[in-house]
Enquirer: 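I have a structure here, written as structure tokens, and I will follow up with some questions on it.
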Amino acid sequence: MTTPYQPEIVEREAQKYWEDTRCFEVQEDPTKEKFYCLTMFPYPSGKLHMGHVRVFTISDVLARYQRMQGKYVLQPMGWDAFGMPAENAAIQHGVPPAQWTYKNIDDMRGQLKRLGYGYDWTREITTCRPEYYRWEQWLFTKMFKKGLVYRKNSVVNWDPVDKTVLANEQVIDGRGWRSDALVERREIPQWFMKITAYADELLDELDRMPGWPDSVKTMQRNWIGRSEGVELSFDVDGEDEPLTVYTTRPDTLLGVTYMAVAAEHPLASKVAADNPDIAAFIAECKISDAAEATLETMEKKGMSLGISATHPLTGDDIPLWVANFVLMSYGTGAVMAVPGHDARDWEFAKQHGLPIRQVIAPADGSDIDIEAAVYVDKGVLVNSGEFDGLDSAAACDAIADHFEKSGLGKRKVNYRLRDWGVSRQRYWGTPIPIVYCDDCGAVAVPEDQLPVVLPEHVEVTGSGSPLKDMPEFYETPCPKCGKDARRETDTFDTFVESSWYFARYACPDSDTAMLDERASYWTPVDQYTGGVEHAILHLLYSRFFQRVMRDEGLTDVSEPFTNLLTQGMVLKDGAKMSKAKGNTVDPQELIEKYGADTVRLFMMFAAPPEQALEWSDDGVQGSFRFLKRFWTAVVDHAAAGAVEDFDADALNTAQKDLRRKTHQTIAKISDDLSRRHSFNTVVAASMELLNAINKFVDDSAAGRAVAREALQAVVLMLSPLVPHICHALWRELGHESALIDQPWPDVDSSALEVDLIELVVQVNGKLRGRVSIAVDADRDAVEAQALADENVQRFIAGKDIRKVIVVPGRLVNIVV
RNA sequence: GCCGGGGUGGCGGAACUGGUAGACGCGCCGGAUUCAAAAUCCGGUUUCUUCGGAAGUGCGGGUUCGAUUCCCGCUCCCGGCACCA
């Protein structure tokens, strides 16, 4: 009777070994090739959810695999500890956010340890600690001095009942989540970081990042949205200031039949002053949340302002409208409308009976009816006076030249990317290190007065930040003149903390600098893993911050993450698992029932890493069953005694077949882990090999030796996925040294050799037979044997053979 | 609305560079073991079929000797859209 698989014992022992030997703690060692393996650090919400287990397991598999490849692996862990849920919990349960957060961190750290991840815990980072955030306050003051941060007005969601700013998430169908009041857009002064100053670099470098998925690079390119166009001015009747618009299609300029400005535009306000209808419309436009998705899907509405602009080429009167789809925060807050050649303008024109003018004709000379359908493609200019007959590209140039000469317009490169608004009207975040003085204005807190510490003992009520009610926090002398002044009470967007933590892991204890020389050893991150939902914001902000740190002289590295793996989400009932939706599955119960290895194995087996994984409780059982079979196979084999070496040339066919399967599997799994990151097929291939071992019954000395080689390969190859059971089974196989220090197994290419291969024979692309043929047979021999096949004969009898296609090593297709 | 991704048996998925569709697992069915159950082990499992085959990878077209794979059009689902993290 062999020892049954008891995960709780096996896992406790393995984890104790790793902890006692401190085998995941690393220091800089220039003689070793480093590998920095990182996963997006979690928000300490209270409990791990399946999404965490998935991403941490993927990262741990990659880290352990690289270690077996001989790399010196750093895998750290920490906490993205500031954020809204802590404030919500405080409102609900009266617990201060700090207390709630620290408790959650302790709980989750315990859960992570129970899952057996190979972290260097000596480097743990907690972003809500002053030792951490003082350095982002420091960097902010450096950016302030360089002019990389500035203050301007921008739009927030205003809850008029709770008198507080709401996150987009807190707005449900246009209403405040607690008050149920209609949310308004309101402008307040906020701090911005000039990410647009790096727009070109952030864009261009994407072309030199082969380690990132194309989909993420494409999303970032589109997000940055570089466009080349022309900025032009239209004179407005009765106004001194002309109205400036930006267009990427100057070739359609002669097709402008109206213009539209945003509700917040000064021209609209001016008209509204003595036109109550317009005033009412503008007020109505403000009742909406600030999310772009809301604004873009809103019903397009507009009103004529009753004033006109003058077309800069024709001198025609162009009526001016105010419209809810024009955004003050984009470009100039005004657009020229070309209903003939822009879909949105076309619809708006139809709706309001505005004229539609065709100025572009298809290049192939075909006719179109501009009243029946919009034409957005490029083509040849018509109805455009002196520009008639030019193609779109030439016309864009000619019109741009015309305006640059006359001084009424100029070529301009525009970005969709906007500067990063970092101010939050919240308590639980990093204080923005600014003091407002009546005489000196906004003054950065000097370095020797950092950090500005966030008070942790507070009462959170839900209406406004408690900092605003704490004179002991905000009352402070001006750092410049010493006069009574007022500290900024807004805090940073929590994306600020996550934009540089990856570098800080290299030197988490440095209290004299944001980064020190240790960062030059460990950064950049070699392998970064995290959810696709971060494809744009977090990853773009981090790329930006890395460059700001570089330009501050803290590092030579420009790109923070060399290779990126974006894992799909774990969905439940077709929706993303999130604390906000409350549809989480608790991994804890599963670990208690089956052990960490079963949970890890199932997460890797259930779907390829990049795809969404719809959670299902079925199937975990199957992973547990496999581990039990695996355990029994190894333990039974070991119990039968030691084995001797085998002579590879003296093996019988069955023994050679098992060896071939073993080495084919090593080759496949090596490729799956290193190149393809295809963990589900790693598991499948391991299962296949174990099935083959179990079917192979051979008690001869050579047979047992071949079986042992196969079992040992499975133990080694599965160890990144299920490290605890493999740690125990490695000992079971009689090894003195620990599995964690073993190298990855090698493929013995001589074991892969075969004499005969099976070829598929098709007739007209349909499978009709199989032939077994010598591996080195020439084309004629292959063709002859394929044609001779009995079943193939039935399908080609009496027909002319038009063509025979031979794909070496794969198939023969006979076309009749 | 815009950007990115996805759709293959009852289910999760495999098929890597255009070449055997359904590996591996779950579930289900049958059998062994058991007083019985759990656990375990063995076999079967895309659909239809006149048992020769035929059809089949979201839908409609196209390219090719050959398409899950490439191209065009559509549809549904998921993610992101700048204050969830």
Side-chain angles (χ1 to χ4, degrees), chain A residues 4 40 42-43 45 80 82-85 156-157 165-171 213-216 218-223 225 289-298 300 325 329 343-344 416-421 423-426 493-495 498 531-538 540-541 566 568-569 571 574-576 578-581 602 605-608 610-614 616 618-623 625-626 628-629 632 668 671-672 675-676 678 680-681 683-688 691 758-762 764-767 770 794 802-805 807 810-816:
Chain A
M40 292 175 187
Y43 177 81
S45 52
D80 189 11
F82 276 135
M84 232 175 34
V156 293
N157 300 310
V165 175
L166 298 179
N168 286 336
E169 179 188 59
Q170 296 171 314
V171 179
D214 289 337
S215 57
V216 174
T218 304
M219 280 192 267
Q220 292 211 348
R221 266 185 211 108
N222 293 337
W223 185 261
D289 61 280
E292 187 184 291
T294 309
L295 301 172
E296 291 266 341
T297 50
M298 235 160 29
K300 310 286 179 280
F325 55 85
S329 51
R344 192 178 61 188
R416 207 187 75 95
L417 179 70
R418 308 197 295 263
D419 279 336
W420 178 12
S423 294
R424 296 292 179 271
Q425 295 67 47
R426 295 188 211 297
D493 178 2
T494 57
F495 272 123
S498 56
V532 257
E533 65 271 28
H534 295 295
I536 296 174
L537 293 179
H538 162 59
L540 198 60
Y541 292 150
T566 51
M569 346 219 152
L571 306 177
K576 175 182 170 181
S578 75
K579 48 204 169 289
K581 288 188 190 120
F602 177 70
F605 186 46
E610 308 233 347
Q611 269 179 39
L613 182 156
E614 171 69 34
S616 141
D618 299 337
V620 181
Q621 184 85 32
S623 294
R625 234 176 351 231
F626 170 73
K628 281 196 285 189
R629 270 204 311 275
T632 308
K668 181 192 169 39
D671 187 47
D672 282 353
R675 181 179 63 87
R676 298 213 305 152
S678 170
N680 52 331
T681 54
V683 179
S686 301
M687 287 172 166
E688 272 192 65
N691 289 344
E758 187 178 73
L759 285 190
V760 160
V761 186
Q762 298 179 336
N764 287 346
K766 290 201 160 90
L767 177 68
R770 292 160 199 275
R794 289 182 39 227
R802 287 176 27 214
K803 200 187 211 177
V804 178
I805 292 143
V807 182
R810 287 207 170 261
L811 59 71
V812 181
N813 188 16
I814 300 160
V815 186
V816 295

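As the structure is a prediction and not an experimental result, all values here were calculated from the model. Every chain is numbered from 1, with letters handed out A, B, ... down the list of sequences.
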Enquirer: It should be established whether Lys628(A) places a side-chain nitrogen or oxygen under 4.0 Å from OP1 or OP2 of nucleotide rA39(B).
Expert: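 For Lys628(A), the contact criterion (side-chain N or O under 4.0 Å from OP1 or OP2 of rA39(B)) is not met.
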
Enquirer: If pairs are Watson-Crick or G-U with both distances under 3.5 Å, what is the dot-bracket string of RNA chain B, marking crossing pairs with [ ] and pairs to another strand with |?
Expert: (((((((..(((......[....)))((((((.......))))))(((....)))..(((((..]....))))))))))))....

Enquirer: Can you find a side-chain donor-acceptor pair between Asn168(A) and Asn157(A) that sits under 3.5 Å?
Expert: yes

Enquirer: Which residues pass the salt bridge (Lys or Arg N to Asp or Glu O under 4.0 Å) test with Arg416(A), not counting sequence neighbours?
Expert: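 Residues passing salt bridge (Lys or Arg N to Asp or Glu O under 4.0 Å) with Arg416(A): Glu292(A).
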
Enquirer: Pairs under 3.5 angstrom, nitrogen or oxygen only, protein versus nucleotides 52-55 of chain B, please.
Expert:
unit_1  : atom_1 : unit_2    : atom_2 : d
rG52(B) : O3'    : Arg794(A) : NH2    : 3.4
rG52(B) : O2'    : Arg794(A) : NH2    : 2.7
rG53(B) : OP1    : Arg794(A) : NH1    : 3.2
rA54(B) : OP1    : Arg768(A) : NH2    : 3.1
rA54(B) : OP2    : Arg768(A) : NH1    : 3.2

Enquirer: At under 4.0 Å between heavy atoms, what does Ser423(A) touch on the DNA or RNA strands: base, sugar-phosphate, or nothing?
Expert: base

Enquirer: Please identify each residue that fulfils side chain to side chain contact (heavy atoms under 4.5 Å, CB included) with Ser423(A), with sequence neighbours left out.
Expert: Gln190(A), Trp191(A), Gln425(A), Ile432(A), Asp490(A)

Enquirer: Which glycosidic conformation, syn or anti, is assigned to rG56(B) if syn requires a torsion within 90° of zero?
Expert: anti

Enquirer: Nearest of rG25(B), rC3(B), rA82(B) to any side-chain atom of Met219(A)?
Expert: rC3(B)

Enquirer: What is the per-nucleotide protein-contact pattern of nucleotides 10-23 of chain B, from the 5' end, where B denotes a base atom under 4.0 Å from a protein heavy atom, S denotes such proximity for sugar-phosphate atoms only, and - denotes neither?
Expert: --BSSSB--BB--B

Enquirer: If the condition is side chain to side chain donor-acceptor pair (under 3.5 Å), which residues does Gln621(A) pass it with, not counting sequence neighbours?
Expert: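 Side chain to side chain donor-acceptor pair (under 3.5 Å) check on Gln621(A) returns Tyr594(A).
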
Enquirer: Looking only at the side chain of Glu533(A) (C-beta and beyond, no hydrogens), which of the listed nucleotides rC24(B), rA85(B), rC84(B) gets closest?
Expert: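 Between rC24(B), rA85(B), rC84(B), the one nearest the side chain of Glu533(A) would be rA85(B).
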
Enquirer: Please work out if His534(A) contacts a base, only the sugar-phosphate, or nothing of the nucleic acid, heavy-atom cut-off 4.0 Å.
Expert: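 Touches a base.
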
